[in-house]
Amino acid sequence: MVRLSAITPSGPVQLGNYLGAVRRWAVDGGEDDVYFISDLHAMTTSHNPSRLRALAREQLAVLIAAGVDPRSVSVQSDLVRELGALTWVLECTCTYGEAARMVQFKEKSVGRPSVRLSLLTYPVLMAADILLQGAHEVPVGDDQRQHVELARALARRFNGTYGEVFVVPRAVVPPTAARVRDLADPSRKMDKSAKDAAGTVFVLDPPDLVRRKIRRAVTDELAQVRYAPEEQPGVANLLEVLAACTGKEPKDLADGFTTYHELKEATAEAVVEELRPVRERTRQLLDDPAELDRVRAHGAERTRDRCRHRLDAALRLTGLG
């Protein structure tokens, strides 16, 4: 069974990405699973080309450094020819109404005088990502579930019209993972593309910076270390991060602290030690571009080999091969 997951280089990998997804990919990933850096998706809004290229390389290095199987990792744009061909075939299978109904397109286009066409069509590219690799399961949050449903609809329609080529994928809820909130504003998730990075811990942040950000984390005036997410979201966030790094339960951890200072210090040290080997290995990879290029090329070729027969069949059946 093939599972497919991706991370978009809209910013450096942050603690929430690592604890919530990347670390799980490294531990639970199977031989047939597919993980990729979705740099094409990062182009649906205005972007800096040099920064996009650098972030894609950095994210690739972080995934490898975290222990994700290099054979399962690729960069989306390395398969741009294959994806471009299948995306066109699927766009000729999809209707305008289906694309325009996507909630993310509605939300991101509202109030703007103009938006890129890719913002409308990128769910079809996402469908191509999924169908090209023959993914059976796609772990996604609620915001992406609708896109997987589109991939399912397009797979069924293509198979019914031209012949059986694509696996019909299904969206699955990813295993429960750490819910990391912004340290400066625990009402929102930690975000790698946030404009204000004061509340975001990045995987490559130096230890002193990690400590400084966590020491400045917003708590409250109650001066009680309790695990009460509704009443004390800032304190709960720190406990959840500490729990994710230590393998303990937030409620149990709360009993061991009497002050917010103690909690922050313990959380800071736990995060520093959790990220240390990943940060160091990532730096090694980024400092050895030839090795990173070799890993990237091997991953791209393996991914290309897995999908070539599927693309060839789709093109042949639609009269293009």
Side-chain angles (χ1 to χ4, degrees), residues 5 7 9-29 35 37 54-70 72-73 175-184 186 189-194 197-217 234-250 252-253 256-257 260-292 294-296 299:
S5 298
I7 183 170
S10 55
V13 181
Q14 42 91 353
L15 182 63
N17 302 139
Y18 172 73
L19 294 177
V22 175
R23 188 175 66 170
R24 186 180 72 248
W25 299 346
V27 174
D28 299 336
Y35 305 104
I37 315 301
L55 285 172
R57 287 183 65 82
E58 180 181 300
Q59 288 195 354
L60 174 65
V62 168
L63 263 61
I64 303 304
V68 181
D69 188 342
S72 300
V73 180
T176 302
R179 299 179 301 163
V180 181
R181 317 298 295 182
D182 189 288
L183 296 172
K189 291 194 304 182
M190 191 174 285
D191 186 351
K192 62 180 178 291
S193 57
T200 303
V201 173
F202 297 106
V203 170
L204 298 187
D205 278 347
D208 286 347
L209 181 55
V210 173
R211 293 187 182 99
R212 189 157 62 246
K213 288 180 177 180
I214 293 177
R215 285 168 181 161
R216 294 175 178 174
V235 175
N237 186 40
L238 292 171
L239 287 168
E240 288 176 355
V241 169
L242 181 58
C245 293
T246 60
K248 300 178 181 179
E249 291 298 321
D252 297 336
L253 288 168
F257 302 100
Y260 293 164
H261 173 75
E262 292 174 349
L263 173 59
K264 289 180 178 181
E265 290 299 312
T267 303
E269 291 308 313
V271 171
V272 165
E273 292 309 311
E274 176 72 30
L275 296 181
R276 187 186 302 280
V278 181
R279 184 180 63 255
E280 291 176 353
R281 177 57 178 150
T282 299
R283 289 299 182 195
Q284 291 173 358
L285 286 167
L286 292 174
D287 290 340
D288 187 356
E291 171 63 11
L292 189 57
R294 185 195 67 77
V295 171
R296 177 171 175 170

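Every heavy atom of this structure was used, including side-chain atoms; hydrogens, water molecules and symmetry mates were not.
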Show the nearest heavy-atom pair for residues [X] and [Y], with the distance to one decimal.
X	Y	value
L253	K248	CD2-CD, 3.7 Å
L242	A266	CD1-O, 3.8 Å
F202	K192	CE2-O, 3.9 Å
V13	Y18	CG1-N, 4.4 Å
A26	V68	CB-N, 3.8 Å
A268	V210	O-CG1, 4.5 Å

Under a 4.5 Å cut-off applied to non-hydrogen side-chain atoms, are [X] and [Y] in contact?
X	Y	value
L285	E291	yes
R279	R276	yes
I214	L238	yes
R181	K189	yes
L275	V201	yes
L183	N237	yes
E265	F257	no
D69	V73	no

Inter-residue atom distance [X].[atom1] - [Y].[atom2], 0.5 Å rounding:
X	Y	atom1	atom2	value
L286	L204	CG	CG	7.0 Å
Q59	T282	CD	OG1	11.0 Å
I64	R296	CD1	CZ	11.5 Å
S72	L63	OG	CG	10.5 Å
L60	L55	CG	CG	12.5 Å
R211	E269	CZ	CD	4.0 Å

When you measure from the side chain of [X] to the backbone N and O of [Y], does any donor-acceptor pair fall under 3.5 Å?
X	Y	result
K213	T200	yes
E58	G11	no
R281	A65	no

So does Q284 have more than 12 non-hydrogen atoms from other groups sitting under 6.0 Å from CD?
yes
